[in-house]
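Input: a single structure, listed below in structure tokens.
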Amino acid sequence: VLLSGPEPQRTLLENILLKAFEKTSKKILFVRGVISEEAIGIRKKNIKILNYLYGTELEKAILSSEMIISRSGYTTLMDLAKLEKKAFFIPTPGQPEQDYLASRMKKLGLAPFCKQEDFKLSMLEETSGYSGLSAFGTIGDPSRFFGLFKGK
């Protein structure tokens, strides 16, 4: 889980996901996107929570993950496409560009999404029906990702 974005939405999503993942035995890594050395109070055997990761450490964490759950910001999409990852997106409320990008990824068959308040753990099963994001070098025309920049 890559958490990011403005408060209070970042914390709201963190709480929604922590509650949902209490019911699973899968190994989960939360990268909170908070620059702080303060210890995190939650201790669960299957959930590891880090305030932040940078560079190579973040890349290794993403590459070793079966799936990434994150916001659907442009930079995140680019990173996940470069690393060729399966993803599930939860757009930040009030950011229509993230709604658009998440909807576009779903329409292209790359990754499912849902609204923050609608998230349920069972929704992650949807990712099996999606191809995941791919590096632009392997998909041909990158404009198919971002039709926003082309007229209809």
Side-chain angles (χ1 to χ4, degrees), residues 1-36 40 42 44-139 142 144-148:
V1 175
L2 301 178
L3 294 167
S4 63
E7 293 294 357
Q9 295 302 330
R10 191 210 63 78
T11 298
L12 289 171
L13 180 58
E14 179 178 354
N15 291 334
I16 289 166
L17 294 175
L18 281 171
K19 183 174 172 112
F21 286 123
E22 285 178 347
K23 302 170 185 151
T24 183
S25 60
K26 288 189 179 257
K27 289 177 67 174
I28 310 293
L29 172 63
F30 275 74
V31 180
R32 298 179 67 230
V34 175
I35 307 302
S36 172
I40 297 134
I42 297 168
K44 298 260 321 165
K45 212 188 283 188
N46 64 316
I47 298 175
K48 181 176 182 179
I49 302 173
L50 300 173
N51 283 327
Y52 59 88
L53 286 175
Y54 290 115
T56 304
E57 289 179 332
L58 181 57
E59 182 179 352
K60 285 179 186 176
I62 292 170
L63 287 172
S64 68
S65 297
E66 182 179 319
M67 174 194 342
I68 304 299
I69 300 165
S70 71
R71 299 297 194 185
S72 51
Y74 180 80
T75 302
T76 300
L77 292 178
M78 301 279 70
D79 290 343
L80 297 180
K82 180 66 177 169
L83 298 174
E84 300 185 4
K85 295 307 296 183
K86 280 204 171 245
F88 187 94
F89 293 117
I90 305 171
T92 303
Q95 294 195 10
E97 72 283 2
Q98 287 195 18
D99 290 329
Y100 169 81
L101 290 170
S103 179
R104 184 87 176 132
M105 295 302 104
K106 183 173 184 166
K107 183 178 178 181
L108 291 171
L110 301 174
F113 78 100
C114 75
K115 292 183 181 216
Q116 180 170 289
E117 63 273 12
D118 296 337
F119 181 80
K120 293 186 180 24
L121 190 60
S122 61
M123 292 176 163
L124 298 179
E125 295 171 16
E126 287 182 50
T127 59
S128 64
Y130 291 80
S131 66
L133 283 76
S134 301
F136 290 136
T138 62
I139 64 160
R144 80 180 192 101
F145 268 118
F146 304 106
L148 171 71

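Note that this is a predicted model, so its numbers are computed, not measured. Values below: all heavy atoms of this structure, side chains included; hydrogens, waters and symmetry mates excluded.
In this structure, CD1 on I69 lies 9.0 Å from CG on L13, to the nearest 0.5 angstrom. Separation of atoms CG (D79) and OH (Y74) is listed at 10.5 Å; rounding is to 0.5 Å. The OG1 atom of T127 sits 3.5 Å away from the CE atom of M67 when rounded to the nearest 0.5 Å. For the atom pair OG (S134) and CG (L110), the distance works out to 7.0 Å, reported to the nearest 0.5 Å. In this structure, NZ in K23 is found 8.0 Å from CG in L121, a value given to the nearest 0.5 Å. In this structure, CG on L77 lies 5.5 Å from CE on M105, to the nearest 0.5 angstrom.
With sequence neighbours excluded, the residues satisfying side chain to side chain donor-acceptor pair (under 3.5 Å) with T11 are E7. For V31, the side-chain contact (heavy atoms from CB on, under 4.5 Å) partners at least two apart in sequence or on another chain are L2, L29, L53. Remark: K120 pairs with S122, M123 by the side-chain contact (heavy atoms from CB on, under 4.5 Å) rule, at least two apart or across chains. Applying the side-chain contact (heavy atoms from CB on, under 4.5 Å) test to Y130 and every residue at least two apart in sequence or in another chain returns K106, P112, E126. Taking K27 as the reference, nothing meets the side-chain contact (heavy atoms from CB on, under 4.5 Å) condition, with sequence neighbours excluded.
By the 30° and 60° cut-offs, the orientation of the rings of F88 relative to F119 is perpendicular.
Within the 4.5 Å cutoff, the side chain of L101 has no heavy atoms near those of the F89 side chain. Residues L83 and I68 are not in side-chain contact: their nearest non-hydrogen atoms beyond the backbone lie 4.5 Å or more apart. Side chains of F113 and D118 form no contact here, defined as non-hydrogen atoms less than 4.5 Å apart. For the pair I90/L17, a side-chain contact is recorded, criterion being any heavy-atom separation below 4.5 Å from C-beta on. Looking at heavy atoms from C-beta onward, I49 lies in side-chain contact with L18 at the 4.5 angstrom threshold. With a 4.5 Å cut-off on side-chain heavy atoms, L133 and K85 do not count as touching.
Although no hydrogens or angles enter the test, the distance criterion places a donor-acceptor pair under 3.5 Å between the side chain of S128 and the main chain of E125. For R32 (side chain) and R10 (main-chain N/O), no donor-acceptor pair under 3.5 Å exists by modelled atom type.
The two atoms that bring P91 and A102 nearest to each other are CG-CB, 3.7 Å, heavy atoms only. Closest approach of N46 to S25, counting heavy atoms only: CB-O, 3.7 Å. Contact detail for Q9 and P93: the closest heavy-atom pair is OE1-CG, 3.3 Å.
Within the structure, the side chain to side chain donor-acceptor pair (under 3.5 Å) test picks out the following pairs touching residues 58-72 (sequence neighbours left out): R71-T92, R71-Q116.
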